[in-house]
A.B. asks: 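Pasting in a structure now, in structure tokens, and then I'll have a few things to ask.
Predicted model only: the values in this text are computed from it and were never measured.
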Amino acid sequence: MFRAVKTPYQLEVQLKGGTVKVKSLNKNQERGLIERTLARCEEFMAQVFLQEHANQDRLSRLVTHFRNRGWQIQQGAV
């Protein structure tokens with residue numbers, strides 16, 4: 001599990017088996033729908049990415065995927 005940060009957004013990213021789970025850590029009422037939608041889109045793209053790179057270390061590939069998409073990674077922050 002790690003935290004992906006792209007100010008003002010923060011996502012919690014979990015990898016359970018081969019399934020990626022992403023949820024927003026911000027509790028902003030005004031941007032709630034946007035933050036949930038962002039989390040779901042990032043989750044979908046990360047899941048597809050892992051399916052395409054299934055033979056490699058999944059967690060390190062997932063971290064690389066988020067970094068390549070402009071997210072700052074905080075290991076063990078969540």
Side-chain angles (χ1 to χ4, degrees):
M1 177 173 16
F2 60 90
R3 180 178 291 174
V5 178
K6 192 185 286 187
T7 305
Y9 304 107
Q10 294 185 44
L11 303 176
E12 176 186 86
V13 182
Q14 295 182 11
L15 181 60
K16 295 182 179 179
T19 304
V20 179
K21 295 290 183 189
V22 178
K23 72 176 185 176
S24 173
L25 293 175
N26 296 336
K27 303 299 180 199
N28 185 318
Q29 294 291 348
E30 295 175 6
R31 292 191 315 246
L33 178 61
I34 293 169
E35 291 174 358
R36 287 190 307 273
T37 302
L38 174 65
R40 297 297 292 164
C41 290
E42 291 293 342
E43 180 180 280
F44 176 78
M45 289 185 287
Q47 189 67 55
V48 170
F49 177 82
L50 281 186
Q51 288 172 352
E52 292 175 354
H53 299 89
N55 60 344
Q56 299 172 358
D57 177 41
R58 291 175 186 233
L59 184 58
S60 66
R61 294 300 297 166
L62 191 58
V63 168
T64 299
H65 168 74
F66 275 87
R67 280 193 179 128
N68 288 343
R69 293 191 40 72
W71 292 91
Q72 294 177 348
I73 304 303
Q74 298 176 356
Q75 297 282 351
V78 177

A.B. asks: Are the charged groups of E12 and K21 less than 4.0 angstrom apart, N to O?
C.D. replies: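 Between K21 and E12 there is no salt bridge, as every charged N stays at least 4.0 Å from the carboxylate O atoms.
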A.B. asks: Find out if a path of hydrophobic residues (ILVMFWY) with successive side-chain heavy-atom gaps under 4.5 Å connects L15 to I73.
C.D. replies: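 They do share one cluster, since a chain of ILVMFWY contacts under 4.5 Å joins L15 to I73.
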A.B. asks: Would you mind listing every ring pair (Phe, Tyr, Trp, His ring centres under 6.0 Å) that reaches into residues 12-42, with sequence neighbours excluded?
C.D. replies: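 The answer is none; no pair qualifies.
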A.B. asks: For a 4.5 angstrom cut-off between non-hydrogen side-chain atoms, does Q75 reach R3?
C.D. replies: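 Sidechains of R3 and Q75: no contact.
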A.B. asks: Got a sec, which residues hit side-chain hydrogen bond (donor to acceptor under 3.5 Å, both in side chains) with D57, two or more places apart in sequence or on another chain?
C.D. replies: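 Counting only residues at least two positions away or on another chain, D57 forms a side-chain hydrogen bond (donor to acceptor under 3.5 Å, both in side chains) with S60.
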A.B. asks: Specify the closest pair of heavy atoms between S24 and A39, including all atoms of both residues, with the distance to one decimal.
C.D. replies: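 So the minimum-distance heavy-atom pair works out to N-CB, 3.9 Å.
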A.B. asks: Under the rule for side chain to side chain contact (heavy atoms under 4.5 Å, CB included), what residues qualify as partners of Y9, not counting sequence neighbours?
C.D. replies: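 Applying side chain to side chain contact (heavy atoms under 4.5 Å, CB included) to Y9 gives N26, R31, I34, E35, L38, W71.
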A.B. asks: Looking only at side-chain N and O atoms, does Q72 offer a donor or acceptor that is under 3.5 Å from a partner on Q74?
C.D. replies: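 No donor-acceptor contact under 3.5 Å links the two side chains.
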A.B. asks: Can you see which heavy atom on R69 is nearest to which on K6, and at what distance?
C.D. replies: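 Scanning both residues, the minimum pair turns out to be O-NZ, 2.9 Å.
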A.B. asks: Kindly write out the residues that satisfy side chain to side chain contact (heavy atoms under 4.5 Å, CB included) with Q47, not counting sequence neighbours, or none if the list is empty.
C.D. replies: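 Q47 satisfies side chain to side chain contact (heavy atoms under 4.5 Å, CB included) with T19, V20, Q51 only.
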A.B. asks: Does V5 share a hydrophobic cluster with L11, counting links as ILVMFWY side-chain heavy atoms below 4.5 Å and allowing steps through other members?
C.D. replies: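 Cluster IDs for V5 and L11 differ.
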A.B. asks: Kindly indicate whether the side chain of F66, heavy atoms from C-beta on, has any atom under 4.5 Å from the side chain of V22.
C.D. replies: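 Contact flag for F66/V22 side chains = yes.
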A.B. asks: Just by distance, do the side chain of K23 and the backbone of Q14 share a donor-acceptor pair under 3.5 Å?
C.D. replies: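 Not at all, since once roles are kept as given, no pair shorter than 3.5 Å links the two residues.
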A.B. asks: Check salt bridge (Lys or Arg N to Asp or Glu O under 4.0 Å) between R67 and all other residues, then give those that pass, not counting sequence neighbours.
C.D. replies: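 Result, salt bridge (Lys or Arg N to Asp or Glu O under 4.0 Å) vs R67: none returned.
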A.B. asks: What ring pair (Phe, Tyr, Trp, His ring centres under 6.0 Å) pairs are there with at least one residue in residues 18-49, not counting sequence neighbours?
C.D. replies: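 Counting only pairs at least two positions apart or across chains, the ring pair (Phe, Tyr, Trp, His ring centres under 6.0 Å) contacts touching residues 18-49 are F49-H53, F49-H65.
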A.B. asks: Is there a continuous path of hydrophobic side-chain contacts, each under 4.5 Å between heavy atoms, that joins L50 to L59?
C.D. replies: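 Linked, L50 and L59 end up in one cluster.
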